Engineer: 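One structure, pasted below without further comment.
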Amino acid sequence: MYNRRDLLRWGAAATAGLAATLVPARATAASPLRPAPAPPPVDEAAWRALGRALGPGADLYRPHGNAYTRLSTPWNLRYADVLPAGVVACATSADVQAALRWATAHGMPLAARSGGHNYAGYSTTTGLLISLRRIDGVRARDRRLLVGGGATNSDVYRARASGLYFPGGRCPGVGVAGLALGGGLGFNDRRWGLTCDRMVETEVVLADGSLVRASEREHADLWWACRGGAGGNFGINTSFVFDAVPVTDQTATVFDLTIDPRHAVAVMDAVQEILQQDRAGRFDCRIGFSRSGTDPASITLLGQYLGTEATTRHLLAPLLNLAPSRRFIEQRQFWSAQDYLMMRPERTAMISHSLMPGRWLPDRTVRTIAEAVTDWQPGGSGTGGYVTLFAMGGRVGDVAPRETAFAHRDATFVIDIGAEWTPATPRETARRLRRQAGAVYRRLRTELDTSSAYVNFPDPTLSDWARAYYGDNYQRLVRIKHRYDPDGVFRYGQSIGSSNR
Ligand SMILES: Cc1cc2nc3c(=O)[nH]c(=O)nc-3n(C[C@H](O)[C@H](O)[C@H](O)COP(=O)(O)OP(=O)(O)OC[C@H]3O[C@@H](n4cnc5c(N)ncnc54)[C@H](O)[C@@H]3O)c2cc1C
């Protein structure tokens, strides 16, 4: 996704100025693709009734005010103009049920939100925003972690005293719900599977307001769909149980190298060789080609090896010979390594296209990526373009494509091709950045001969999204959708079963 150097830089600015940037951002962020429809008129008495239906830990926020702004601003500021008529900050499943029943009774569109990090703004609505952020508990039971439907990666990391871990993402603010429901990749999936592969149970508030448990034994079709079928499709998940891994005695060596893009082919040759040899999935990484602001293009190799520094240095020797301008390799305890790998990006406006090739990248394609990023025309401060490759394989590929809703088990990488800009970036510059990302995407799609895409990096411009995200699993997902949400209460631009495909 992003160049780590930039993230650190922008992250620092964000910490200082996030609260201040939110309100002006609404006025200036590039608008979403289509104007959002206005919600039906609902009188004040009805809103008051909603407030009374909630439990003591929940709140209803109407437009304006700090809490409303904080809860309603999505991570991708491109969609910050889509303002909800009301936000319910739920504290329990019963609050979620009350909010959902109220919305359906009043014909009010709704969206659930956990971490709010959806790339395409699919947790925004002009109707009722149902926030689960207060349902953020994480506790251990035997070898399992019980996680609230609004917990984020950072909540899971805070519960590290249990010594238990399940593979998650690496951005503190990303919601476990959105992450797990769409798959969930990070620096541990090659060893322990995707986040969704570890989900053994989930509680879901369905479209009719009922609360059900989905697992191997109960509502097994819904459980299947919740493992890769993406959030916002079948109901609102208020809790999860994950099969966890004890990590107290686990060592991890982190590496963070920055290399000149003229060595791109050598870098990719070395990394692809390591990944092919690493059958145990101990090595995991992301390779970031990026160009941002006025910085020159660079390649960043960031990741970890679940083993010693000596072995890691041996594996990375061909890369260390390329004279990296940054070379950081350090053996740490597992949690300390995860802390290093966490990224803390500022909210930006952005677009992403993704590809999931079922083959290794040929030299020609690597050159295409390096040239595209080197030739990228930056748009000034806070803007950039990137092609990031997240290593897949290992345990991810041990699961059959139809065993869960996450179909693309043979992918070597998730390739994220994107551009980002700030609310202050002129519209024409933002358009140019988007055009550049689109051109790189189309070229890679042709060269790699695939349209498979990662549903957790949703792309509103994708016309064949049903096949791209879900492959052969799509029709089964449509049948499950009809069973659990026959009236399409959960709906967005690319929701399962929608006509827009
Ligand atoms: C900075 C950044 C870093 C990222 N890093 C990673 C990464 O390391 N690995 C990775 O795999 N992905 C990553 N992603 C992508 C991320 O997995 C998806 O954006 C994911 O959907 C975010 O989940 P969320 O809960 O934060 O999002 P939200 O925007 O809250 O929700 C996403 C979707 O799920 C629905 N939803 C939310 N909560 C619920 C719920 N409780 N029940 C049912 N539906 C719900 C929403 O309505 C929406 O459709 C990253 C994204 C960003 C912006």
Side-chain angles (χ1 to χ4, degrees), residues 1-2 7 10-11 14 71-79 90 93 96 100 109-125 129-133 135-136 147-155 167-189 194-196 202-207 214 222 225-226 228-240 284 286 302 338 341-350 352 354 388 390 392 396 406 414 416 418 420 454-458 484-485 490-496:
M1 254 166 287
Y2 307 90
L7 292 173
W10 297 344
L71 289 167
S72 63
T73 305
W75 186 84
N76 187 351
L77 294 178
R78 195 173 182 210
Y79 301 97
C90 300
S93 299
V96 176
L100 186 133
L110 63 90
R113 179 174 297 175
S114 288
H117 274 55
N118 189 274
Y119 277 11
Y122 290 151
S123 64
T124 58
T125 177
L129 184 64
I130 302 180
S131 168
L132 284 91
R133 270 305 283 133
I135 311 180
D136 63 356
V147 179
T152 59
N153 282 325
S154 62
D155 295 317
R170 55 191 203 89
C171 175
V174 166
V176 172
L179 181 79
L181 294 168
L185 55 93
F187 288 111
N188 292 284
D189 50 70
L194 297 170
T195 314
C196 70
T202 177
E203 283 187 320
V204 192
V205 174
L206 299 177
L222 183 59
C226 286
N233 277 310
F234 304 98
I236 303 179
N237 300 62
T238 55
S239 72
F240 299 93
D284 214 330
R286 45 87 82 196
L302 179 72
Q338 307 320 299
L341 296 169
M342 269 284 180
M343 61 173 201
R344 293 170 179 79
E346 186 185 354
R347 293 176 204 230
T348 61
M350 52 90 71
S352 155
S354 71
T388 303
F390 297 87
M392 299 288 281
V396 178
F406 186 91
V414 170
D416 182 4
E420 64 220 337
Y454 182 32
V455 71
N456 265 353
F457 296 164
Y484 289 97
D485 182 19
F490 302 106
R491 200 181 313 167
Y492 58 88
Q494 295 176 334
S495 50
I496 306 266

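Counting begins at 1 with the first residue of the sequence. Both ligands and their constituent atoms are indexed starting at 1 by order of listing. Here the structure is a predicted model, which is why all the values come from computation and not from measurement.
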Engineer: With no hydrogens and no angle check, is any side-chain donor or acceptor of Asp485 less than 3.5 Å from a backbone partner on Ala207?
Structural biologist: no
Engineer: What I'd like to find out is whether the side chain of Asn76 reaches to under 4.5 Å of the side chain of Arg347, using heavy atoms alone.
Structural biologist: no
Engineer: Could you tell me, atom by atom, which parts of ligand 1 come under 4.0 Å of a heavy atom of Gly184?
Structural biologist: 11 (O)
Engineer: Using a 3.5 Å cut-off on N or O atoms only, is Gly116 in polar contact with ligand 1?
Structural biologist: yes
Engineer: Return yes or no for this condition: an N or O of Gly115 is under 3.5 Å from an N or O of ligand 1.
Structural biologist: yes
Engineer: As a check for students: among Ser239, Gly178, Gly182, Gly493, identify the option with a heavy atom nearest to atom 23 (O) of ligand 1.
Structural biologist: Gly178
Engineer: Determine the minimum heavy-atom distance between Ser114 and Ala177, stating which atoms define it.
Structural biologist: OG-CB, 3.4 Å
Engineer: Using a strict 4.0 Å cut-off to heavy atoms of Arg170, name the atoms of ligand 1 that fall inside it.
Structural biologist: 8 (O)
Engineer: Check whether the side chains of Tyr492 and Asn233 place a donor and an acceptor atom closer than 3.5 Å, and report yes or no.
Structural biologist: yes
Engineer: Under a 4.0 angstrom heavy-atom cut-off, which atoms of ligand 1 come close to Pro345?
Structural biologist: 1 (C)
Engineer: Of all the atoms in ligand 1, which lie at a distance below 4.0 Å from a heavy atom belonging to Leu179?
Structural biologist: 9 (N), 10 (C), 11 (O), 12 (N), 17 (O), 20 (C), 23 (O)
Engineer: For ligand 1, is there an atom lying under 4.0 Å from some heavy atom of Phe457?
Structural biologist: yes
Engineer: Can Gly183 be said to touch ligand 1, with heavy atoms closer than 4.0 Å?
Structural biologist: no
Engineer: Using a distance-only test with no angle check, is there a side-chain donor-acceptor pair under 3.5 angstrom linking Thr388 and Asp416?
Structural biologist: no
Engineer: Between Asn237 and Gly149 (side chain of the first, backbone of the second, donor and acceptor by atom type, cut-off under 3.5 Å), is there such a pair?
Structural biologist: no
Engineer: Could you tell me whether the side chain of Glu346 reaches within less than 4.5 Å of the side chain of Leu77, counting heavy atoms only?
Structural biologist: no
Engineer: Ring-plane angle category for Tyr119 and Phe457, please: parallel below 30°, perpendicular beyond 60°, tilted otherwise.
Structural biologist: parallel
Engineer: My understanding is that we take every heavy atom of each candidate and find the minimum distance to atom 33 (C) of ligand 1. Doing that for Ile130, Leu110, Thr348, Asn118, which one comes out nearest?
Structural biologist: Asn118
Engineer: Does an N or O from Gly173, backbone or side chain, lie closer than 3.5 Å to an N or O of ligand 1?
Structural biologist: no
Engineer: Check ligand 1 against Cys171 and write out every atom of the ligand that is under 4.0 Å from a heavy-atom position of the residue.
Structural biologist: 1 (C), 3 (C)
Engineer: Can you check which of Ile135, Asp189, Asn237 brings a heavy atom nearest to atom 42 (N) of ligand 1?
Structural biologist: Asn237
Engineer: I want to know if ligand 1 touches Leu185 in the polar sense, i.e. an N/O pair below 3.5 angstrom.
Structural biologist: yes
Engineer: Regarding atom 50 (C) of ligand 1: of the candidates Asn233, Thr124, Val174, which has the closest heavy atom?
Structural biologist: Val174
Engineer: Indicate the atoms forming the closest heavy-atom contact of Met342 with Arg170, along with that distance.
Structural biologist: SD-O, 3.1 Å
Engineer: How far apart are the closest heavy atoms of Phe234 and Tyr484, and which atoms are they?
Structural biologist: O-CB, 4.2 Å
Engineer: Can you tell if the side chain of Phe187 reaches within under 4.5 Å of the side chain of Leu302, non-hydrogen atoms only?
Structural biologist: yes
Engineer: May I ask you to list the atoms of ligand 1 that are less than 4.0 angstrom from any heavy atom of Tyr119?
Structural biologist: 51 (C), 52 (C), 53 (C)
Engineer: Under a 4.0 angstrom heavy-atom cut-off, which atoms of ligand 1 come close to Leu132?
Structural biologist: 41 (N)
Engineer: Measuring from the heavy atoms of Tyr454, does anything fall under 4.0 Å of ligand 1?
Structural biologist: yes
Engineer: Tell me the nearest of Ser114, Gly231, Ala111 to atom 37 (C) of ligand 1, using heavy-atom distances.
Structural biologist: Ser114
Engineer: Is the closest side-chain heavy-atom distance between Leu132 and Thr238 below 4.5 Å?
Structural biologist: yes
Engineer: Applying a heavy-atom cut-off of 4.0 Å, say which part of Leu181 lies close to ligand 1: side chain, backbone, both or neither.
Structural biologist: side chain
Engineer: Report yes if some N/O of Ala112 lies less than 3.5 Å from some N/O of ligand 1; otherwise report no.
Structural biologist: yes
Engineer: Could you tell me whether some N/O pair between Trp75 and ligand 1 is separated by less than 3.5 angstrom?
Structural biologist: no
Engineer: Just which atoms of ligand 1 are under 4.0 Å from any heavy atom in Gly149?
Structural biologist: 41 (N)
Engineer: When you measure from the side chain of Ser239 to the backbone of Thr202, do you find a donor-acceptor pair of N or O atoms at a distance under 3.5 Å?
Structural biologist: no
Engineer: Check contact between Gly150 and ligand 1, using heavy atoms of the residue and a distance below 4.0 angstrom.
Structural biologist: no
Engineer: Taking N or O atoms only and a 3.5 Å limit, does Met343 qualify as a polar contact for ligand 1?
Structural biologist: no
Engineer: Going by heavy atoms in the side chains, are Arg113 and Tyr122 under 4.5 Å from each other?
Structural biologist: no
Engineer: For a quick test of reading the model, state the closest non-hydrogen atom pair linking Val455 to Gly182 and the distance between them.
Structural biologist: CG1-O, 3.4 Å
